[in-house]
2 protein chains.
Amino acid sequence: MHAMSIKQVAEAANLPAKTIRYYEDIGLITPARGDNGYRSFGETDLHKLRFVARARSLGFSVDECRTLLAMYEDTDRASADVKALAETHLTRIDEKIRELTEMRQTLSHLVHCCAGDDRPGCPILDDLAGTGRAD
Amino acid sequence: MHAMSIKQVAEAANLPAKTIRYYEDIGLITPARGDNGYRSFGETDLHKLRFVARARSLGFSVDECRTLLAMYEDTDRASADVKALAETHLTRIDEKIRELTEMRQTLSHLVHCCAGDDRPGCPILDDLAGTGRAD
DNA sequence: CCTTGACCTTCCAGTGACTGGAACCCCTAT
DNA sequence: ATAGGGGTTCCAGTCACTGGAAGGTCAAGG
């Protein structure tokens with residue numbers, strides 16, 4: 001009941017099989033092998049994969065996932081360490097949002113200024129070329 | 001006055017020299033060469049590089065920059081084409097912002113819930129492990 | 001028994017947009 | 001002659017996969 005093929009665990013963890021093989025390659029998980037050389041995943045493997053999938057979906061890098069997994073396994077570590085990692089990541093996210101919002105601002109202004117008809121004059125290109133008026 | 005070395009044009013366009021060589025590699029620009037084999041950049045090259053740098057800073061892919069440059073060069077194209085490209089990109093940016101904001105939301109909630117002291121219990125890890133309460 | 005098809009395996013190459021480094025050439029000034 | 005500060009090429013690495021080729025394994029059907 002708890003020995004899964006890669007396809008089964010992929011479905012259960014909602015990750016592509018390719019990605020799971022990759023995670024083994026880089027040492028995130030170490031599934032057992034059957035007599036035929038096939039990978040055989042247990043509950044612990046599935047648990048880890050789900051953990052990583054969730055952390056990845058929150059934007060943590062694979063390396064940070066490794067650290068988070070290690071922290072999860074080490075029941076003695078201080079919650080402050082986890083919090084610090086998460087806060088660093090939060091700062092990074094904020095920075096990205098800031099950058100994107102700035103891009104969005106500029107670009108949406110330009111799009112607004114562009115007639116979008118069949119004539120050639122285009123304030124978007126003018127801005128990129130540095131010949132645009134601030135308007 | 002208008003034949004620049006790679007270092008000079010790099011400074012003028014505010015791009016690393018390495019990046020400029022890369023842009024030549026992929027055919028974005030084709031600077032002339034001097035007798036010694038050194039690249040020799042003219043005003044047009046500088047102009048293009050600045051154009052690309054600006055477009056990149058707005059988040060367009062290098063391939064889109066290629067298209068934008070071609071559109072800029074083609075004085076007959078309709079501004080609607082440019083606008084369409086920009087609008088597609090704008091949608092992409094919005095989508096990214098949405099994703100990041102969602103991550104931010106979840107993560108900041110978790111960080112808030114975490115004591116961040118020297119004790120081991122940590123709602124962040126609990127959430128990743130799927131054992132966390134919704135709280 | 002043989003084949004078909006769905007699985008599984010490994011390994012290699014490519015993605016995007018650079019970035020770092022090695023090994024080597026060129027030119028000027030001391 | 002040598003030191004330095006340019007320049008050149010090419011190769012490898014980043015990140016997190018993803019696609020594909022070549023081939024092994026297994027259960028079911030004819």
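Each chain gets a letter, A, B and so on, in the order the sequences are listed, and its residues count up from 1. Fair warning: this is a prediction, and the values are worked out from it, not measured in the lab.
In this structure, the helix from C/dC1-D/dG30 to C/dT30-D/dA1 shows an angle of 40° between the axis at its start and the axis at its end, each fitted on 5 base pairs and rounded to 10°.
Near DNA chain D, defined here as any heavy-atom distance below 4.0 Å, the residues from residues 9-36 of chain B are B/K18, B/R21, B/R33, listed numerically. Looking at residues 56-73 of chain A, you'll see that no heavy atom sits under 4.0 Å from any atom of DNA chain C.
Taking atom OH of residue A/Y38 and atom P of nucleotide C/dA6, one finds them 14 Å apart after rounding to whole Å.
Taking every nucleotide of DNA chain D with any atom under 4.0 Å from a non-hydrogen atom of chain A, the first and last of them, 5' to 3', are D/dA16 to D/dC26.
When the side-chain contact (heavy atoms from CB on, under 4.5 Å) test is applied to A/T67, the partners found at least two apart in sequence or on another chain are A/M71, A/L85. Scored by the side-chain contact (heavy atoms from CB on, under 4.5 Å) test, A/R56 finds A/Y23, A/V52, A/V62, A/C65 as partners (sequence neighbours excluded). Taking A/D94 as the reference, B/R104 meet the side chain to side chain donor-acceptor pair (under 3.5 Å) condition, with sequence neighbours excluded. Looking at residues two or more places apart in sequence or on another chain, you find a side-chain contact (heavy atoms from CB on, under 4.5 Å) between A/E24 and A/I29, A/P31, A/R33, A/R39. In this structure, A/E87 has no side chain to side chain donor-acceptor pair (under 3.5 Å) partners at least two apart in sequence or on a different chain. Applying the side-chain contact (heavy atoms from CB on, under 4.5 Å) rule to A/D74 yields the partners A/D76, A/R77; only residues at least two apart in sequence or on another chain are considered.
Annotation: ring-ring contact (aromatic ring centres under 6.0 Å, His included) contacts involving residues 32-78 of chain B, sequence neighbours excluded, comprise B/F51-B/Y72, B/F60-B/H89. The side-chain hydrogen bond (donor to acceptor under 3.5 Å, both in side chains) pairs that include a residue from residues 10-19 of chain A number zero, where partners must be two or more places apart or lie in different chains.
Salt bridge present: B/E95 and B/R98 bring a charged side-chain N and a carboxylate O closer than 4.0 Å. Salt-bridge check for B/E73 with B/K48: passed, with a basic side-chain N closer than 4.0 Å to an acidic carboxylate O.
Few gaps surround CZ on B/R92; more than 12 heavy atoms of other groups in view lie less than 6.0 Å from it.
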